[in-house]
Structure formats: C-alpha cells, structure tokens
> 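Questions regarding the structure given below will be posed in turn.
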Amino acid sequence: MKHLVSQAGLSEQFTISSAATTTEELGNDIYPNAKAELKRRGIQFEKRRARQIRSDEYNDWDLIIAMDRENLADIRHFVRNDPEHKVRLLMSFAGEEKSVSDPWYTRNFVKAYDDILRGCEGLLRCLE
C-alpha cells in the first residue's frame, strides 16, 4: 500500500502501519519469502519488527484492514466489536468478500501478493 500511495504522490496524506493479531511473529522482520516477492516486484521496504495491535489505538486510525476472516474477527475482538465500523476485509475493496490467499499454508507468495495488490488498488481508489 505504501508503494501505491507513493506512486500516486499521496504519501504525505496517509499513515500506513502494520500490526499482528497474534504473538507468533512478534519482533520478527518480514518473512524471507515475502521479502523475495517484494524484491522481485521492485517494491522497496524497510527492516521492521512485527508488533501486536492494541485496543487503545482504535481511535488512531480511520480504517483498520484485515487480510483474512480470522484476523477480522481477532481485530474486532481487540477493538471491542468495532463501534465505528473501521475494520474491513482487504479484498472487499476489490469487490471480493474473501480472504487474501494465505502463503503461510500455500507457500504461494505470488498469489498472496496479487490478492494484496488488488485489494490495495481498490482501497486507494476508494480513498482518492
């Protein structure tokens, strides 16, 4: 999403962050296969450390985007059932009420990237 926003010349209008709903990857950098796919696509990224979403940050965001239905349910739990309806499934912005293909299980990082790209492109169109 950061790449798309940058290409559109809108970086200063957005704050984009990522957070986990579980603790398995806390402190870890981007998964190596995901990095490889980003590099293959020419997408720049920075070293980062996974963090967990906190319920007290709900008011900090206009939208909170989930990659899959399990994360959607977890996020809604964290933010006390989403009283302002900020929590959305990424693929809904691509007109698809489905989860992003999960490369953790499929090992298909190309398909996951393609899903995420379609969702992010739809999200950007919605926000412009």
Side-chain angles (χ1 to χ4, degrees):
M1 187 68 185
K2 287 179 182 179
H3 179 75
L4 293 176
V5 167
S6 176
Q7 283 185 315
L10 301 171
S11 294
E12 293 189 18
Q13 296 178 33
F14 290 86
T15 300
I16 301 167
S17 184
S18 178
T21 59
T22 62
T23 60
E24 290 96 20
E25 294 293 325
L26 293 186
N28 291 341
D29 193 10
I30 300 169
Y31 192 71
N33 293 27
K35 279 185 184 181
E37 186 60 23
L38 292 171
K39 287 178 183 176
R40 190 178 79 75
R41 304 275 186 141
I43 307 297
Q44 294 185 0
F45 55 88
E46 302 167 347
K47 183 173 175 58
R48 51 190 77 168
R49 293 172 46 94
R51 69 175 188 86
Q52 190 170 24
I53 190 171
R54 299 181 330 269
S55 60
D56 67 346
E57 66 185 302
Y58 182 76
N59 291 325
D60 296 343
W61 306 106
D62 295 322
L63 286 172
I64 302 172
I65 307 299
M67 295 292 173
D68 61 45
R69 292 188 183 287
E70 184 177 341
N71 290 155
L72 187 73
D74 289 345
I75 292 168
R76 286 185 173 146
H77 173 76
F78 271 97
V79 299
R80 295 176 181 79
N81 295 318
D82 189 23
E84 295 178 37
H85 307 287
K86 296 179 180 186
V87 181
R88 303 274 304 274
L89 194 61
L90 177 64
M91 294 305 293
S92 70
F93 293 97
E96 303 173 40
E97 290 301 321
K98 69 171 199 147
S99 297
V100 167
S101 297
D102 191 339
W104 187 255
Y105 300 105
T106 66
R107 312 315 284 167
N108 190 341
F109 286 83
V110 172
K111 173 71 172 134
Y113 180 93
D114 290 342
D115 281 356
I116 292 167
L117 179 60
R118 280 196 330 279
C120 288
E121 287 172 339
L123 174 57
L124 185 56
R125 280 191 301 274
C126 178
L127 297 174
E128 285 185 305

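Note that the structure is a prediction, hence the values are computed from the model and not measured. These numbers come from the heavy atoms of this one structure, side chains and all, not from hydrogens, waters or symmetry mates. For this chain, numbers begin at 1 and follow the sequence in order.
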> Between Ala112 and Ser101, what is the shortest heavy-atom contact and its length?
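Heavy-atom minimum between the residues: CB-O, 3.3 Å.
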
> Should Ile65 and Ile53 be regarded as members of a common hydrophobic cluster, given that ILVMFWY residues are connected when their side-chain heavy atoms come within less than 4.5 Å of each other, either directly or indirectly?
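No, Ile65 does not connect to Ile53 through the hydrophobic network.
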
> Could you tell me the separation between the CZ atom of Arg125 and the CG atom of Leu4, rounded to the nearest 0.5 Å?
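One finds 10.0 Å between CZ of Arg125 and CG of Leu4.
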
> Going by the angle between their ring planes, with limits at 30° and 60°, are Phe109 and Tyr31 parallel, tilted or perpendicular?
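Taking Tyr31 first and then Phe109, their aromatic rings lie parallel (interplane angle under 30°).
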
> Just wondering, are more than 12 heavy atoms of other shown residues or ligands nearer than 6.0 Å to CD in Glu12?
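At most 12 heavy atoms, drawn from other residues, nucleotides or ligands, come within 6.0 Å of this atom.
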
> Can you tell me if CD on Glu46 sees more than 12 non-hydrogen neighbours from other groups inside 6.0 Å?
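It does not: Glu46 CD has 12 such atoms or fewer within range.
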
> Roughly how far, to the nearest 0.5 Å, is the CG atom of Leu10 from the CG atom of Leu124?
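Leu124 atom CG to Leu10 atom CG measures 6.5 Å (nearest 0.5 Å).
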
> Can you name the closest pair of heavy atoms from Leu123 and Phe93 and give their distance?
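Scanning both residues, the minimum pair turns out to be N-CB, 3.4 Å.
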
> Is Thr106 reaching over with its side chain to a backbone N or O of Asp102, donor-acceptor style, under 3.5 angstrom?
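Looks like yes, one N/O pair under 3.5 Å.
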
> Quick one: closest heavy-atom pair of Leu26 and Arg51, and the distance?
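Taking every non-hydrogen atom into account, CD2-C, 3.4 Å.
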
> Within 45° of the six-membered ring axis of Phe45 and under 6.0 Å from that ring's centre, is NZ or CZ of Lys35 located there?
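Not satisfied by the 6.0 Å and 45° rule.
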
> Check each of Arg54, Glu57, Gln52 against Phe78 using the side-chain contact (heavy atoms from CB on, under 4.5 Å) test, and report the only one that passes.
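For Phe78, the side-chain contact (heavy atoms from CB on, under 4.5 Å) test succeeds with only one of Arg54, Glu57, Gln52, which is Gln52.
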
> When rounded to the nearest 0.5 angstrom, what distance separates CD1 in Ile16 from CH2 in Trp61?
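If we round to the nearest 0.5 Å, Ile16:CD1 and Trp61:CH2 are 9.0 Å apart.
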
> Say you draw a straight line from NZ of Lys86 to OH of Tyr58; how long is it, rounded to the nearest 0.5 Å?
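Going from the NZ atom of Lys86 to the OH atom of Tyr58 covers 5.0 Å.
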
> Tell me whether Asp60 at atom CG has more than 12 heavy atoms from other residues, nucleotides or ligands lying less than 6.0 Å away.
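Enclosed: over 12 neighbouring heavy atoms sit under 6.0 Å from CG of Asp60.
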
> Just wondering, are more than 12 heavy atoms of other shown residues or ligands nearer than 6.0 Å to CD in Gln44?
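For Gln44, atom CD is not crowded (no more than 12 foreign heavy atoms under 6.0 Å).
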
> Is there a side-chain contact between Arg69 and Glu97 in this structure, where contact means two heavy atoms from C-beta onward sitting under 4.5 Å apart?
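SC-SC contact between Arg69 and Glu97 confirmed.
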
> Assess whether atom CZ of Arg80 is packed by more than 12 heavy atoms of other residues, nucleotides or ligands within 6.0 Å.
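No, because the 6.0 Å sphere around CZ of Arg80 holds 12 heavy atoms or fewer from other groups.
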
> How close do Lys98 and Lys111 get, heavy atom to heavy atom, and via which atoms?
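Smallest interatomic distance, heavy atoms only, reads NZ-NZ, 3.8 Å.
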
> With the side chain counted from C-beta on, respond yes when Leu127 and Asp62 share a heavy-atom pair under 4.5 Å apart, and no when they do not.
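They are not in contact (no side-chain heavy atoms under 4.5 Å apart), so the answer is no.
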
> If you compare all heavy atoms of Ala66 against all heavy atoms of Ile75, which two are closest, and at what distance to 0.1 Å?
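Looking at all heavy atoms of both residues, the shortest contact is CB-CD1, 3.8 Å.
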
> Might you point out which heavy atoms bring Thr22 and Asp74 nearest each other, and give the distance in Å?
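It is CG2-OD2, 4.3 Å.
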
> Before giving the answer on side chain to side chain contact (heavy atoms under 4.5 Å, CB included), spell out for Arg41 and Val110 the whole-Å C-alpha distance, their side-chain angles and the decisive distance to 0.1 Å.
CA-CA 10 Å; Arg41 304 275 186 141; Val110 172; 3.7 Å; yes

> Pair Trp104, Glu24 - check side chain to side chain contact (heavy atoms under 4.5 Å, CB included), show working.
CA-CA 12 Å; Trp104 187 255; Glu24 290 96 20; over 6 Å; no

> Salt bridge or not for Glu121 and Arg118, using N-O below 4.0 Å?
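Looking at Arg118 together with Glu121, the answer is no, because their closest N to O distance does not fall below 4.0 Å.
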
> Can you confirm whether more than 12 heavy atoms, excluding those of Lys39, are under 6.0 Å from its NZ atom?
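Incorrect, the count does not exceed 12.
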
> OG1/Thr21 to CE/Met67 distance, rounded to the nearest 0.5 angstrom?
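So the OG1 of Thr21 and the CE of Met67 are separated by 11.5 Å.
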
> Could you give the distance from OG (Ser17) to CZ (Arg48), rounded to the nearest 0.5 Å?
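If we round to the nearest 0.5 Å, Ser17:OG and Arg48:CZ are 9.0 Å apart.
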
> For side chain to side chain contact (heavy atoms under 4.5 Å, CB included), just list the numbers for Gln13 and Glu128, CA-CA rounded to whole Å, side-chain angles, deciding distance to a tenth of an Å, and then say yes or no.
CA-CA 10 Å; Gln13 296 178 33; Glu128 285 185 305; over 6 Å; no

